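Shown next, in structure tokens, is the structure this report addresses.
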Amino acid sequence: MKISVAERSHAGEIRDIYAPFIHGGFVTFETQIPDKETFEERILQYTQKFPWLVMEENGKVLGYAYASAYRERVAYQWVAECSVYVHADYRKKRIAATLYNALFELLKLQGFYKVYAVITVPNPQSVGFHEKMGFKWFATYENVGYKAGKWCDVGWWQLTLAEPNNSVPPAPIPFPQLDNATVAFILNKYIN
């Protein structure tokens, strides 16, 4: 197995992993499966600033994790949101945790202080996983999303990557500007 940075060529497999979550429940509020080109664009757009990682084995994508902007205002630039999805055949194999560990180390290196996970609740499996990863609940937005004939609540969990201090923090480093050797070292250290 290996972790690598997502590329446009991964878009089809990423879409295939994500698609069952759209029609199979309330994990995502998307209601239509995006086409491969939409995923190619998302990968290109998100990786201008944030990591998007894939776990592969023998050329097959088993799961992926990525970060995105929390909000667009400049004052929020040190906070990111995160997501992780794993192919149904490969769950419970620490793939999600491994991807998140690498993702969070990269985000910290970039200069992010906090990362949020947004979870449609109830979802004890995702809540338990995120809390095991160190996330702490801080808010629930009630009846914030409507999908499949039902209003849904969304819980917010946060993970502190670095404690803020009273000095003015530098802007986070865009992901493509990180040293390639350092990124490769981080990605490789999480694979046994």
Side-chain angles (χ1 to χ4, degrees), residues 6 14-34 38-39 42-43 45-47 49-55 62-88 90-108 110-164 172 175 190:
I14 287 171
R15 178 189 180 273
D16 292 345
I17 291 169
Y18 184 61
F21 292 97
I22 295 173
H23 294 303
F26 300 93
V27 170
T28 176
F29 282 168
E30 272 192 275
T31 57
Q32 300 297 318
I33 299 171
T38 299
F39 273 99
R42 287 179 186 178
I43 291 167
Q45 178 188 358
Y46 289 19
T47 57
K49 184 171 181 180
F50 300 97
W52 186 321
L53 307 177
V54 294
M55 174 82 74
L62 310 180
Y64 65 95
Y66 64 92
S68 58
Y70 163 62
R71 299 265 170 107
E72 294 303 320
R73 303 283 189 263
V74 172
Y76 294 119
Q77 68 182 307
W78 296 275
V79 179
E81 285 187 36
C82 63
S83 293
V84 63
Y85 293 91
V86 177
H87 189 285
Y90 298 95
R91 294 192 190 127
K92 304 288 186 190
K93 298 180 186 291
R94 298 212 32 88
I95 291 171
T98 301
L99 285 165
Y100 259 3
N101 284 327
L103 180 71
F104 299 154
E105 187 168 345
L106 291 169
L107 290 171
K108 187 173 180 178
Q110 287 180 259
F112 288 95
Y113 284 77
K114 194 169 286 200
V115 62
Y116 291 147
V118 184
I119 303 169
T120 307
V121 290
N123 185 340
Q125 183 177 358
S126 184
V127 168
F129 166 73
H130 283 86
E131 290 181 351
K132 187 175 179 182
M133 293 295 301
F135 282 81
K136 299 200 180 322
W137 172 87
F138 71 94
T140 298
Y141 294 1
E142 296 178 348
N143 298 318
V144 72
Y146 187 81
K147 182 178 177 184
K150 164 181 171 174
W151 283 101
C152 302
D153 297 346
V154 171
W156 287 74
W157 277 257
Q158 63 184 341
L159 177 68
T160 300
L161 301 174
E163 292 295 334
F175 180 65
Y190 287 102

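Note that the structure is predicted; figures quoted are calculated from it, not measured.
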Ignoring hydrogens and angles, write down the donor-acceptor pairs under 3.5 Å from the side chains of residues 118-126, residues two or more places apart or on other chains.
unit_1 : atom_1 : unit_2 : atom_2 : d
Thr120 : OG1    : Phe26  : O      : 2.8
Asn123 : OD1    : Ser126 : N      : 3.1
Ser126 : OG     : His130 : ND1    : 3.3

Relative to the ring of Tyr116, is the ring of Trp156 parallel (under 30°), tilted (30 to 60°) or perpendicular (over 60°)?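 The rings of Trp156 and Tyr116 stand perpendicular, inter-plane angle above 60°.
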
What pair of heavy atoms forms the shortest contact from [X] to [Y], and how long is it?
X: Ala102; Y: Leu53; result: CB-CD1, 3.9 Å
X: Lys147; Y: Phe29; result: CD-CA, 4.2 Å
X: Ala65; Y: Val84; result: CB-CG2, 3.9 Å
X: Trp78; Y: Val74; result: CZ3-O, 3.9 Å

With Phe112 as reference, evaluate Leu106, Val79, Leu107 under the side chain to side chain contact (heavy atoms under 4.5 Å, CB included) test and give the passing residue.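 For Phe112, the side chain to side chain contact (heavy atoms under 4.5 Å, CB included) check succeeds only for Leu107.
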
From [X] atom [atom1] to [Y] atom [atom2], the distance as rounded to the nearest 0.5 Å:
X: Trp157; Y: Met133; atom1: CH2; atom2: CE; result: 15.5 Å
X: Gln77; Y: Tyr70; atom1: CD; atom2: OH; result: 14.5 Å
X: Thr38; Y: Gln32; atom1: OG1; atom2: CD; result: 11.5 Å
X: Cys82; Y: Phe135; atom1: SG; atom2: CZ; result: 4.0 Å
X: Leu62; Y: Leu99; atom1: CG; atom2: CG; result: 9.0 Å
X: His87; Y: Ile17; atom1: NE2; atom2: CD1; result: 6.5 Å

Using a 4.5 Å cut-off on heavy atoms from C-beta on, say whether the side chain of Ile43 contacts that of Ile14.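 Result yes, sub-4.5 Å side-chain heavy-atom pair found.
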
When you compare the side chain of Pro51 with that of Gln110, does any pair of heavy atoms fall below 4.5 Å?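 They are in side-chain contact.
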
Sequence neighbours left out, what passes salt bridge (Lys or Arg N to Asp or Glu O under 4.0 Å) with Glu81? Give chain and number order.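 Not a single residue meets the salt bridge (Lys or Arg N to Asp or Glu O under 4.0 Å) criterion with Glu81.
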
Of all residues at least two apart in sequence or in a different chain, which pass the salt bridge (Lys or Arg N to Asp or Glu O under 4.0 Å) check with Arg15?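 Here no residue qualifies.
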
Would [X] and [Y] count as a close aromatic pair, with their ring centres under 6.0 Å?
X: Trp151; Y: Tyr146; value: yes
X: Tyr64; Y: Tyr85; value: yes
X: Phe175; Y: Tyr46; value: no

Would you please test Phe104 and Tyr100 for ring pair (Phe, Tyr, Trp, His ring centres under 6.0 Å) and show each step? CA-CA 6 Å; Phe104 299 154; Tyr100 259 3; 4.7 Å; yes

Is it true that, when you exclude Arg94 itself, more than 12 heavy atoms of the residues, nucleotides or ligands shown sit nearer than 6.0 Å to its CZ?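 No - once you tally the heavy atoms of other residues, nucleotides and ligands closer than 6.0 Å, there are 12 at most.
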
